[in-house]
**Q** 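Just dropping this structure here.
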Amino acid sequence: LCSNNNPYASFGATLARDEEQNLWSTPHDVTHTEADDDRVLYNMIVVRNQLDKDSEEWQKLNYDIYTLRQTRKEVRSRWKHILEDLGFQKEADSLLSVTKLSIISDSQNMSKARDILLKLSEETNIFPTSWELSERYLFVVDRLIALDAADEFFKVASAAYPKRPGGERADEGPRPLRS
């Protein structure tokens, strides 16, 4: 679908929900939005699709695309795990859903949401060390602030994904959480 008021029209993305167009994770992912962090992935896909499939460059780009998608899925899974531990079993998917229509609930929360997101990045391993903060999670933190659950989310994230000296993961999976 093309629209004259589409801010990403020059970006060239469509709303098609096939594997190549859905940049967030999987086909038919309703949380997909064309955010700034999706542009890198989109550009990688465009370049890869112009290359010969038998070439080494195509294989490298294909691997990089797969790796980026898997990393995104892993980060989303970590967030979902924490939300479920906080008692949001039924709401976790909707709390993580960010679309073009998503808005910040209260502009006064924006600063607090940014601070919490930065703190999560610096003091936990909920994001990989090479991860650039995604605007997508700013919306999620805003929702947690509105639910008065942001501080508790940070505590659980710190326990489940502690930062070790040097930025290394404490282990491969989350730590068991206490009830």
Side-chain angles (χ1 to χ4, degrees), residues 19 22-27 29-45 60-99 102-106 109-179:
E19 177 66 20
N22 189 333
L23 307 177
W24 178 239
S25 59
T26 58
D29 179 359
V30 296
T31 68
H32 175 69
T33 184
E34 291 128 1
D36 290 341
D37 59 324
D38 288 329
R39 290 181 185 195
V40 171
L41 182 55
Y42 175 80
N43 288 334
M44 289 169 61
I45 291 170
K60 182 186 180 319
L61 273 173
N62 196 52
Y63 177 79
D64 291 344
I65 291 166
Y66 172 81
T67 301
L68 184 54
R69 284 182 171 152
Q70 290 305 112
T71 301
R72 287 177 168 196
K73 286 178 186 179
E74 181 181 334
V75 169
R76 186 181 191 284
S77 176
R78 290 176 187 176
W79 280 72
K80 185 174 180 177
H81 173 78
I82 294 169
L83 289 170
E84 289 172 346
D85 285 344
L86 289 173
F88 294 108
Q89 290 85 0
K90 292 182 180 178
E91 300 87 357
D93 286 325
S94 62
L95 285 170
L96 292 169
S97 294
V98 176
T99 68
S102 297
I103 58 170
I104 297 294
S105 65
D106 183 351
N109 287 345
M110 179 64 81
S111 177
K112 184 175 181 182
R114 284 186 200 279
D115 291 344
I116 292 171
L117 190 61
L118 187 58
K119 192 174 173 184
L120 281 165
S121 173
E122 292 173 348
E123 298 180 25
T124 73
N125 275 317
I126 195 166
F127 297 111
T129 54
S130 62
W131 185 269
E132 290 187 29
L133 291 181
S134 172
E135 183 181 13
R136 178 178 317 277
Y137 290 102
L138 187 62
F139 287 94
V140 178
V141 173
D142 173 65
R143 292 170 185 167
L144 293 172
I145 291 170
L147 293 168
D148 200 26
D151 293 330
E152 190 63 28
F153 183 92
F154 177 78
K155 289 177 190 172
V156 173
S158 296
Y161 302 99
K163 187 77 116 183
R164 290 183 53 110
E168 295 177 13
R169 290 279 313 265
D171 56 9
E172 286 300 310
R175 282 190 175 169
L177 300 175
R178 294 175 294 190
S179 298

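Being a predicted model, the structure only gives us computed values, none of them experimental. Every heavy atom of this structure was used, including side-chain atoms; hydrogens, water molecules and symmetry mates were not. When a residue number appears, it is its place in the shown sequence, counting from 1.
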**Q** Within the structure provided, determine whether Arg136 and Leu96 are in side-chain contact (heavy-atom separation under 4.5 Å).
**A**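 No, too far: nothing below the 4.5 Å cut-off.
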**Q** Closest approach of Leu95 and Val140, non-hydrogen atoms and distance?
**A**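 So the two residues come closest at O-CG2, 3.5 Å.
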**Q** What closest approach, in Å, do Ala150 and Ile116 show between heavy atoms, and which atom pair accounts for it?
**A**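 Heavy atoms only, the tightest pair is CB-CD1, 3.6 Å.
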**Q** Hey, what's the ring geometry for Phe127 with Tyr137, parallel, tilted or perpendicular (30° and 60° as the breaks)?
**A**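 Aromatic pair Phe127/Tyr137 classed perpendicular.
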**Q** Can you tell me how far the CZ atom of Arg78 sits from the CG atom of Leu83, to the nearest 0.5 Å?
**A**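 Spacing of CZ (Arg78) from CG (Leu83) equals 14.5 Å.
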**Q** Taking the side chain as C-beta and beyond, is there a heavy-atom pair between Leu147 and Glu91 under 4.5 Å?
**A**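 In short, these two side chains do not touch, never coming nearer than 4.5 Å.
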**Q** Return the set of residues passing side-chain hydrogen bond (donor to acceptor under 3.5 Å, both in side chains) with Asp151 (not counting sequence neighbours), or none when no residue passes.
**A**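 Asp151 satisfies side-chain hydrogen bond (donor to acceptor under 3.5 Å, both in side chains) with no other residue.
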**Q** Test: side-chain hydrogen bond (donor to acceptor under 3.5 Å, both in side chains). Region: residues 110-123. Which pairs qualify, not counting sequence neighbours?
**A**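 Matches after skipping sequence neighbours: none remain.
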**Q** Take Ile145 and Phe153 through the side-chain contact (heavy atoms from CB on, under 4.5 Å) test and state the conclusion after the steps.
**A** CA-CA 10 Å; Ile145 291 170; Phe153 183 92; over 6 Å; no
**Q** So, does Ser77 use its side chain to make a donor-acceptor pair with the main chain of Lys73 at under 3.5 Å?
**A**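 Not at all, since once roles are kept as given, no pair shorter than 3.5 Å links the two residues.
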**Q** Taking only residues two or more places apart in sequence or in another chain, which ones pass side chain to side chain contact (heavy atoms under 4.5 Å, CB included) with Thr124?
**A**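 Result, side chain to side chain contact (heavy atoms under 4.5 Å, CB included) vs Thr124: Leu120, Ile126, Phe154, Ala157, Ser158.
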**Q** Please round to the nearest 0.5 Å and tell me the distance separating atom CG of Asn43 and atom CD1 of Ile65.
**A**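 If we round to the nearest 0.5 Å, Asn43:CG and Ile65:CD1 are 10.5 Å apart.
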**Q** Measure the spacing between CD of Gln70 and CG of Leu68 and express it to the nearest 0.5 Å.
**A**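 Spacing of CD (Gln70) from CG (Leu68) equals 10.0 Å.
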**Q** Is Glu135 close to Val98 at the side-chain level, that is, under 4.5 Å between some pair of heavy atoms?
**A**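 No. Closest side-chain heavy atoms not under 4.5 Å.
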**Q** Quick one: list whatever passes side chain to side chain contact (heavy atoms under 4.5 Å, CB included) with Gln89, sequence neighbours left out.
**A**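 Gln89 satisfies side chain to side chain contact (heavy atoms under 4.5 Å, CB included) with Glu84 once adjacent residues are dropped.
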**Q** Suppose we screen for side-chain hydrogen bond (donor to acceptor under 3.5 Å, both in side chains). Which residues come up paired with Asp64, at least two apart in sequence or across chains?
**A**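 side-chain hydrogen bond (donor to acceptor under 3.5 Å, both in side chains) list for Asp64, sorted by chain: Lys60.
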**Q** Let me confirm one number: the OH-OG1 distance from Tyr66 to Thr71, rounded to the nearest 0.5 Å.
**A**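 If I round to the nearest 0.5 Å, the distance is 10.0 Å.
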**Q** The criterion is side-chain hydrogen bond (donor to acceptor under 3.5 Å, both in side chains); which residues satisfy it with Lys80, sequence neighbours excluded?
**A**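 Residues passing side-chain hydrogen bond (donor to acceptor under 3.5 Å, both in side chains) with Lys80: Asp93.
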**Q** Nearest 0.5 Å please: distance from the CD atom of Glu74 over to the OG1 atom of Thr67.
**A**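 One finds 11.5 Å between CD of Glu74 and OG1 of Thr67.
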